[in-house]
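Read through the structure below, which is laid out as structure tokens, and then see the notes.
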Amino acid sequence: MKHVISADQFNKDDILEILNLAKKMDEILASKKVCKIAEGKILATFFYEPSTRTRLSFETAMQRLGGSVISTSNVNFSSVKKGETIEDSAKVLSGYADVIALRSPEIGYAARAAKVSAVPILNGGDGAGEHPTQSFLDLYTISKYFDLEKPLTVSMVGELICGRTVHSLSKMLRNFPNVKINFVAPEEIQIPAKYFHEGDKKFYELTDEILETSDVIYDTRIQKERIAPEVYEKHKNAFHFDVAKVSKMKPNAMLMHPLPRVTEISPEVDDLPQARYFEQARNGVPTRMALIAYVLGLEV
Ligand code: NCD
């Protein structure tokens with residue numbers, strides 16, 4: 001059975017297969033035709049943490065595929081509140097649904113669920129661990145503008161210690177050896193050693209050189225819910241992107257952000273050609289359609 005738990009599971013061929021599937025899904029969406037690829041299938045979304053994009057784009061994806069959705073948008077209204085373990089919840093849900101999208105507060109929940117689940121588990125973020133389905137939509141967005149096989153500089157900026165989106169994305173990018181990765185963050189919230197590879201660069205400040213030479217800047221929110229309050233206070237305004245800064249980026253470079261943004265990017269930046277974060281969020285739908293089809297082995 002196929003699950004999507006960690007970026008480690010995927011080699012270049014898998015990634016390209018899923019991106020290609022996402023492209024087909026975009027064509028289906030553009031055609032406005034009713035799609036019945038997943039007719040009769042049910043997706044369960046089980047989220048222990050707040051979510052707008054991940055849960056709703058998974059649900060939209062399943063409905064666009066012609067399937068249906070059952071959902072606890074807040075596990076406090078489920079038996080988790082009564083002390084049920086992730087294993088028991090996964091066993092129960094896998095008796096109801098054909099695929100489960102799960103967001104959890106701690107590293108390892110998705111893997112624990114996958115061990116006992118009778119149906120595929122899609123990890124929609126496990127605490128400060130990984131967020132591989134986000135990485136597929138990030139890669140899909142990048143691949144619309146850049147060839148991942150050619151030289152490309154990607155700078156991950158902001159809070160990198162707990163930011164699960166950069167953890168998974170940096171792992172996935174390892175499959176494309178021409179991609180150079182810069183990690184840009186104050187030391188206290190820099191990328192953990194296990195995600196840093198030979199050839200990567202670490203910066204502690206966002207310099208003009210980084211702005212001017214990056215093809216992709218992937219900005220992130222400080223994970224207030226996961227770091228100490230004093231660390232949050234110290235760094236909460238680090239690296240604010242305003243129009244002046246973003247205008248230093250190459251005209252064809254991309255400013256990405258998994259969203260939600262809090263104070264990292266001024267709303268005025270939204271009108272600049274480099275701003276790609278809303279398009280990125282929208283790409284969650286075709287990408288998650290592709291991931292559902294991939295784990296369920298649906299004929300596209
Ligand atoms: C991210 C997450 O939940 O990890 N959001 C998302 O899924 N698009 C980023 C964040 O919360 O900062």
Side-chain angles (χ1 to χ4, degrees), residues 4-7 22 43 45-61 71-75 100-110 121-142 154 156-172 183-186 189-192 195 216-227 231-232 235-241 254-265 270 275-292:
V4 179
I5 307 299
S6 161
L43 165 76
T45 54
F46 199 64
F47 276 49
Y48 289 71
E49 287 190 336
S51 168
T52 300
R53 279 149 290 275
T54 305
R55 186 170 68 81
L56 294 178
S57 66
F58 261 125
E59 296 188 0
T60 306
S71 175
T72 58
S73 57
N74 179 343
V75 291
I100 300 168
L102 174 74
R103 168 166 290 183
S104 55
E106 278 170 47
I107 297 176
Y109 265 45
I121 300 286
L122 299 162
N123 180 8
D126 62 332
E130 289 209 39
H131 197 347
T133 71
Q134 173 76 37
S135 304
F136 279 111
L137 77 89
D138 295 339
L139 286 177
Y140 182 60
T141 308
I142 296 172
V154 179
M156 316 262 190
V157 178
E159 194 267 87
L160 310 179
I161 191 163
C162 301
R164 55 197 176 195
T165 60
V166 293
H167 298 169
S168 290
L169 183 58
S170 59
K171 280 185 178 182
M172 294 242 191
F183 294 107
V184 188
I189 51 174
Q190 255 291 358
I191 195 79
Y195 300 108
V216 176
I217 292 186
Y218 193 97
D219 190 25
T220 59
R221 176 180 71 91
I222 298 200
Q223 307 282 295
K224 188 180 183 184
E225 65 276 38
R226 299 185 220 287
I227 62 173
V231 179
Y232 176 75
H235 299 299
K236 67 180 179 193
N237 293 320
F239 308 158
H240 176 74
F241 282 89
M254 304 167 68
L255 178 62
M256 299 177 72
H257 191 303
L259 302 179
R261 66 174 151 185
V262 189
T263 53
E264 306 86 80
I265 305 175
D270 301 357
R276 296 278 177 212
Y277 28 90
F278 287 114
E279 179 184 338
Q280 182 186 354
R282 185 244 157 230
N283 286 338
V285 176
T287 308
R288 291 187 165 113
M289 288 168 77
L291 289 167
I292 291 169

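Values reported hereafter were calculated over all heavy atoms of this structure, with side chains retained and with hydrogens, waters and symmetry mates removed. Computed from a predicted model, the values in this text were never measured in an experiment. Note that the numbering runs from 1 along the sequence shown for the chain. Remember, it's 1-based here, ligands and their atoms both numbered in the order they're listed.
- The aromatic rings of Tyr195 and His167 lie parallel to each other, with less than 30° between the two planes, well short of the 60° mark.
- An N or O contact shorter than 3.5 Å links Arg164 to ligand 1 by distance.
- Under 4.0 angstrom from ligand 1, the non-hydrogen atoms of Gln223 all belong to its side chain.
- Residues Glu130 and Lys171 are paired through a salt bridge, judged by an N-O separation under 4.0 Å between the basic side chain and the carboxylate.
- In terms of protein heavy atoms, atom 7 (O) of ligand 1 is closest to His131 NE2, 2.8 Å.
- The side-chain hydrogen bond (donor to acceptor under 3.5 Å, both in side chains) search around Lys224 returns none, not counting sequence neighbours.
- Each of the following atoms of ligand 1 lies closer than 4.0 Å to a heavy atom of Thr54: 6 (C), 7 (O).
- Looking at atom 9 (C) of ligand 1, its nearest protein heavy atom turns out to be Leu259 O, 3.7 Å.
- The cationic group of Arg103 does not satisfy the cation-pi geometry with Phe47, failing either the under 6.0 Å distance to the six-membered ring centre or the 45° limit from the ring axis.
- Ligand 1 has no N or O atom lying under 3.5 Å from any N or O atom of Thr165, backbone or side chain.
- The residue from Arg276, Glu264, Gln280 that alone fulfils the side chain to side chain donor-acceptor pair (under 3.5 Å) condition with His257 is Glu264.
- Pro258 O, 2.9 Å is the protein heavy atom nearest to atom 8 (N) of ligand 1.
- Not a single heavy atom of Glu49 sits closer than 4.0 Å to an atom of ligand 1.
- Of the protein's heavy atoms, Arg221 NH2, 2.9 Å lies nearest to atom 11 (O) of ligand 1.
- Remark: the backbone N or O of Ile161 is paired with a side-chain donor or acceptor of Glu159 at under 3.5 angstrom.
- Residues forming a ring pair (Phe, Tyr, Trp, His ring centres under 6.0 Å) with Tyr109 (at least two apart in sequence, or on another chain): Tyr48.
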